[in-house]
Each structure stands twice: as structure tokens, then as C-alpha cells.
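A short write-up of the structure that comes next.
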Amino acid sequence: MRHLVDEEEMIVTPWEVRGKIDYEKLIREFGTQPLTDELLSRMKKYFGELHAQLRRKLFFSHRDFDLILDRFEKGQKFVLYTGRGPSGPVHIGHLAPWIFTKYLQDKTGAKLYFQMTDDEKFLTEDETALEETTQWGYENTLDLIALGFKPEDTSIIFDVKDIAFLYDIALKVAKRVTYSTAKAVFGFQDSTNLGWIFWPAVQAVPCFIHTKLTGENIPVLIPAAIDQDPYWRITRDIAQKLGYQKPAQIHCRFVPGLGKGGKMSASEPETCIFTIDTPEDVKKKVWNAFTGGKPTVKEQRKTGGDPYICTIFQYFLYLFEEDDKKIAELDTQCRTGQIICGDCKAILTERVNKFLKEHQRKRRKAKEEVKKYFLKA
Ligand code: TYM
């Protein structure tokens, strides 16, 4: 089935991403704004050298990010908000927006609210137990801490544990959103369970939680992949009616899986690099990755490859090669057959394993500090 994915209709919802993703079309259909060169040059002016994820257009779209930059320019505050719906280990696709969030925090000093939605996958996945999602939530927290977020600037919200603090805002949001809007935005069906239908109100809450905690009515900026955008559409519609500021977003593309087409998704574990993978797992998965290479080495040397259909190249581009010069070199070497797929796979395996070795060390260390990060309400 996987190999037919390119011919499939594009579907992007918070729960399902399928088909060949046309990001320009998503901007039009979702009604977001492109992240223009003008915005990037403003960022460069304020933050210095742009993060590779911006230079390489992994982040490509936004809502009101220009207003956030206006605030930054005037020395006015805003906060960051992102999250995770735990039901298994974190993969390196999830890390991409979190790494970017850390960059934004380092550059702006903004506080981060991170929502661990241990209720979400319990409601949306048939077979998943609540105890399981909560347990994965704690496991996934270690990945966040391993990226270097500081406890004094970070509050992690666990929906189930913290619901008493979240519930009043969730109710106010839910009362303002009709079933017909929710159905149109999320595609709910007659068979959708009641918990799931209410649930988007819970993901809206951290957009306003800073105001509840401190009385400061300032906006949030949400870095995440574009699949989460439907939540913000309903939240933005009702924010001002509830006396809050509209949440702003900056959206990224999907880091692809190692198969042909599609985003990295835990539902296809063999095409997914998890942060808890062993060096052998990584070697095996990368070795089996889709590159679009030619059937024989001889042919590859003669006609070259196409880095823009190769999953391995995307990993260098988005996560594992900082140096723009080296990316350009790799591009040329691939197209001219000077470097072949086996070479690239060996280099990527080494890079990923080096990164994971260090990440796993920091994850182990994070176990001692987890409690310092929990929301103190
Ligand atoms: P979840 O757990 O599906 O994904 C966590 C974050 O990772 C992003 N993401 C990806 N980014 C790049 N490449 C990929 N292949 C990829 N796959 C997933 C998601 O967009 C998300 O940013 N409902 C949310 C949890 C949540 C949340 C939030 C996310 C609650 N509040 C606020 C973002 C912002 C979820 O299930 O995410």
C-alpha cells in the first residue's frame, strides 16, 4: 500500500497525513500565509544567522508570525506553546519542531508551555489504554528535556493530571464552538466518540493558560507541523470573544519517513527512526531507505541520482547537515554520480547514531530532573 502513496489524494488532519503533500495547496486550503523572504530577513536582523530549518524552508507557513516579530521589535512579550500526543516513543520527525522551538526560546527568552496530551490518543486510538498514554507521556518528556530546555523557562502540562486547572478554559472554548463547525474542521462522523468531539477544546487551553496563571494577556506563538493547524483555526475564531489574544503559528513541513512518500509516522515503525533505537536498528532502517537510486552502481555512477526524491538527502537537509556548502556539494555529487546511495547511507547512519548516543545519554540524565518541569499551578 505504502508505495501507492504518491498517487493517493492528499489528506492532512491532526490524525492522518497521507498522499503526496502539496504545501502550496495547503497554504491556500488552510488559509495560512507563506513564510516570506521578507519575514526571514527580519528574523535574521533580530536573531543573527538563521536556523537551518528556516534557511532550508522546513518552516514554510504561518499565521500572525509578523505580529509576533512586531512585538519582539518593540520589546513586548509573548510565550511559546507546543506539544505531543503520546502513545509510543518519540521519532526524529517530532524532534524537528521541538529543536526549532528551543532555537526560538534561546533567541527570544520566551517561556514555553508544552502540552503532553495523554488523553488524546486514548480517545482517538481504539486499542490504546489511558495508563499507557500517560506512561508514554512521561517517557516522551525525557526527549524534550534532553533537547536542553531549562526548567525555569518550561512548563509541561499533563492533561490528565492537570485537568482541574485546564477545565474552566476548556469549557469556555467548547461552549463557543458548534458541532457543525467541529464537524467541518475535523471531519467528525456519527461513529466518533463523544470524548474526541470535545477534545479539541483541551488542545486550545494552553493558548490562554499564561494569561490565567499570570494575568498578563499576551499571545502565544505555536511552532508545529502543519497537521495541527485545524486546532488553531477554531481557537483563533473564539480567542477574542473570550477576552484573549489570537494564538500565532509557525508551521513546518513533515520530515519524511524512510519509505517512498509520506511523513515519518510511528504507525510505520520500519520507516521511522525512534530516539530509543539502537545503532543496529538505525543501520538496518537507513540501509532499507528509499533513495530513488538506479538499480546498479554502474548506472548510478553514469547517470547520477536525484537528491530531491531521496529520503536520505532530506535528513541531511533538515536535521543532520548544518553546513550549506556541504549540502550543495552533496547535491552535485549525487546528481553527477560521484557519490552513490550506499555512501550516503553510511554517512547518515553514522550521523544519526552519533546524535542518538548523545540524546540517549541526556534522556537518562533527564530522569532525575523531570519533576522540575511540571506545570506549577
Ligand atoms: P504529535 O504527537 O502527533 O506530534 C508532535 C509534534 O510533532 C509534529 N510532527 C512532525 N513534525 C515534522 N515531521 C513529522 N514527520 C512529524 N510528525 C509529527 C506535530 O506537528 C507536533 O508538532 N495533538 C498533538 C499534541 C499537541 C500539540 C499542541 C502539538 C497538543 N498541543 C500544540 C503542537 C502544538 C499531537 O498529537 O502531536
Side-chain angles (χ1 to χ4, degrees), residues 12-18 21 23 26 30 53 56-61 63 79-102 104 112-125 128 133 136-137 139-141 143-144 147 155-160 162 166 170 173 186 196 199-209 220-232 234-235 247-259 261-269 271-275 311 314-315 317-319 375:
V12 177
T13 75
W15 305 291
E16 191 180 14
V17 176
R18 266 200 290 128
I21 314 291
Y23 289 99
L26 278 181
F30 284 8
Q53 293 185 3
R56 316 247 171 99
K57 303 274 162 91
L58 181 66
F59 278 83
F60 73 105
S61 155
R63 291 180 189 270
V79 291
L80 293 161
Y81 161 37
T82 197
R84 159 80 177 137
S87 70
V90 160
H91 60 59
I92 58 173
H94 298 129
L95 292 187
W98 302 351
I99 290 170
F100 185 67
T101 303
K102 174 77 173 52
L104 285 178
L112 169 67
Y113 292 92
F114 189 97
Q115 185 180 31
M116 200 53 92
T117 58
D118 51 346
D119 43 358
E120 181 182 9
K121 301 285 160 72
F122 166 66
L123 291 168
T124 64
E125 293 178 0
T128 307
T133 52
W136 277 116
E139 276 293 316
N140 294 177
T141 300
D143 289 288
L144 187 78
L147 294 180
S155 287
I156 304 180
I157 302 157
F158 270 77
D159 285 350
V160 175
D162 294 322
L166 312 179
V173 171
F186 296 107
W196 190 346
W199 195 80
V202 179
Q203 180 148 329
V205 174
C207 296
F208 312 128
I209 208 167
V220 296
L221 169 65
I222 308 171
I226 187 105
D227 60 334
Q228 300 298 308
D229 188 70
Y231 291 111
W232 321 130
I234 56 159
T235 313
Q249 289 83 45
I250 182 160
H251 306 109
C252 67
R253 296 167 204 267
F254 302 108
V255 174
L258 289 163
K263 72 158 190 159
M264 183 167 283
S265 164
S267 57
E268 299 200 35
T271 66
C272 206
I273 297 171
F274 295 107
T275 60
T311 54
Q314 307 303 304
Y315 291 107
L317 192 65
Y318 293 145
L319 288 162
L375 175 76

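Just so you know, ligand 1 is whichever comes first in the structure, and atom 1 is the first atom listed for that ligand. Quick caveat: nothing in here was measured; it's all calculated off a predicted structure.
Separation of atoms CD (Glu268) and NE2 (His91) is listed at 10.5 Å; rounding is to 0.5 Å. Distance check, rounded to the nearest 0.5 Å: CG of Leu258 to OH of Tyr315 gives 4.0 Å. For the atom pair CG of Leu26 and CZ of Arg253, the computed distance is 10.0 Å after rounding to the nearest 0.5 Å. To the nearest 0.5 Å, the span separating OG1 on Thr128 from CZ on Phe122 amounts to 9.0 Å. Once rounded to the nearest 0.5 Å, the distance linking CZ of Phe208 with OH of Tyr113 reads 13.5 Å.
Qualifying side chain to side chain contact (heavy atoms under 4.5 Å, CB included) partners for Ala248, counting only residues two or more places apart in sequence or in other chains: Asp64, Ile68, Leu221.
Within 4.0 Å of ligand 1, counting heavy atoms only, the contacting residues are Tyr81, Thr82, Gly83, Arg84, Gly85, His91, Gly93, His94, Pro97, Gln115, Thr117, Glu120, Lys121, Gln203, Ile222, Ala224, Ala225, Asp227, Gln228, Trp232, Arg253, Phe254, Val255, Lys263, Met264.
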